[in-house]
Amino acid sequence: MEEAGRPNLGDFFPVLGKLDLQGIQRRNKGHVGKVLDLFGWVIAQRLRKMKSESYVSTNDMLDTLLTIGDDNNREAQMNPTGIKHLFLDLFVAGTDTTASSLEWAMAELLRNPDKLVKAKNELDEMIGKGNHLAESDIPQLPYLRAILKETFRLHPALPLLLPRKAGADVEINGFTVPKGARVLLNLWAIGRDPAIWDDPTSFVPERFLGSDVDAKGNYFELVTFGAGRRICPGMPLALRMLHMMLGSLIHWFDWKLSDGVEPEKLDMEEKFGIALQKAKPLLAIPTPI
Ligand code: HEM
């Protein structure tokens, strides 16, 4: 992901694109090749196991896709090469985005201990100390949901979404976007626009309490996962995972920053790249409750 997000001269001067002067495409091919080899190995192992008579299906995603591949009556066919590339897509799109959103949420809570206490109290009240958080609890946890929305607003995992290309000349607000132009949507700036948000640089989950705004593509001020027919297909999984992981981290541990860092001094600098990551990884110490 880091390599793919490096500023590439070819993006600014398309005529230089094919020359790959910085070697970005060459290095990316190498990284992608390694990941594809790894998935290829996993698929080959599974196919070998599936041939054995004693094999009991796990019904996981790989088993399901391989079974679809065997079914000639289906319209959509999946062969191991297709599965390998599908896994690459999901792996690239789903790991850094989810991990960095969780890291930013934890960093904001450690920088704002009063919000952390509020989230902990909500979990204690709704789930009860010592009880595990379940997916079905998420609708009963408005403050936890508000924390994630506020994290998406300030720290969108893909701050410029994914690049688009105008299919035709389009006029928007008096500006002409010519056919073929690359269009980037600056979600980071929208999330901090004082014309839309009060006190935009502060972490205030409360702004989402009692508000209908969510990040599922219906409110253009918060399109963390994009919108429309190319909206992130991993959104339902990402939202479930993030609520479950963040809620469990808050519910099961007391947290403090390492090396005695004062909350207000926590470094929140961002690193340049496709995915918005913390420049300095968050160092925090959990104590089981
Ligand atoms: C916090 C977590 C995530 C965020 C913020 C996020 C955000 C996005 C965004 C903004 C897009 C581009 C949408 C557009 O073009 O308008 C996208 C595309 C995509 N995401 Fe996610 N995503 C996340 C997690 C995941 C997960 C967990 C998966 C899969 C396991 C996933 C799979 C994909 C794929 C395959 C695409 C490309 C879809 C296409 O080209 O049509 N994402 N995501």
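Indexing begins at 1, ligand by ligand and atom by atom, following the structure's order. Note that the coordinates shown come from a computational prediction; the quantities given were computed from them, not determined experimentally.
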Please examine the side chains of [Y] and [X], heavy atoms only from C-beta on, and report whether any two atoms are closer than 4.5 Å.
| X | Y | answer |
| --- | --- | --- |
| N121 | Y143 | no |
| K120 | I289 | yes |
| L161 | L187 | yes |
| L242 | T98 | yes |
| I190 | L185 | yes |

**Asked** When you look for heavy atoms under 4.0 Å from ligand 1, do you find them on the side chain of V223, its backbone, both, or neither?
**Response** neither
I need the atoms of ligand 1 closer than 4.0 Å to a non-hydrogen atom of [X], numbered in the order shown.
| X | result |
| --- | --- |
| T224 | 5 (C), 7 (C), 10 (C) |
| L242 | 1 (C) |
| S101 | 1 (C) |
| L161 | 10 (C) |

**Fill in**
Per ring-ring contact (aromatic ring centres under 6.0 Å, His included), F208 is matched among F152, W197, F203 by W197
**Request:** Among residues two or more places apart or on two chains, list those pairs meeting salt bridge (charged side-chain N to carboxylate O under 4.0 Å, His left out) that have a residue in residues 90-101.
**Result:** none
**Message:** Using a strict threshold of under 4.0 Å (side-chain N to carboxylate O), is an ion pair present between K278 and E103?
**Reply:** no
**Message:** I'd like to know if D60 pairs up with R46 as an ion pair, taking the criterion as any Lys NZ or Arg NE/NH1/NH2 lying under 4.0 Å from an Asp or Glu carboxylate oxygen.
**Reply:** yes
**Message:** Students should be able to answer this: which protein heavy-atom is nearest to atom 16 (O) of ligand 1, and at what distance?
**Reply:** R164 NH2, 2.3 Å
**Request:** For atom 30 (C) of ligand 1, grab the closest protein heavy atom and report residue, atom and distance to one decimal in Å.
**Result:** L237 CD2, 3.9 Å
**Message:** Considering both backbone and side-chain atoms of R230, is one of its nitrogen or oxygen atoms within less than 3.5 Å of a nitrogen or oxygen in ligand 1?
**Reply:** yes
**Fill in**
Within the 2.8 Å cut-off the protein N, O or S neighbours of atom 21 (Fe) of ligand 1 are C232 SG
**Prompt:** Using 30° and 60° as the class limits, which term best fits the ring planes of W252 and H132: parallel, tilted or perpendicular?
**Reply:** tilted
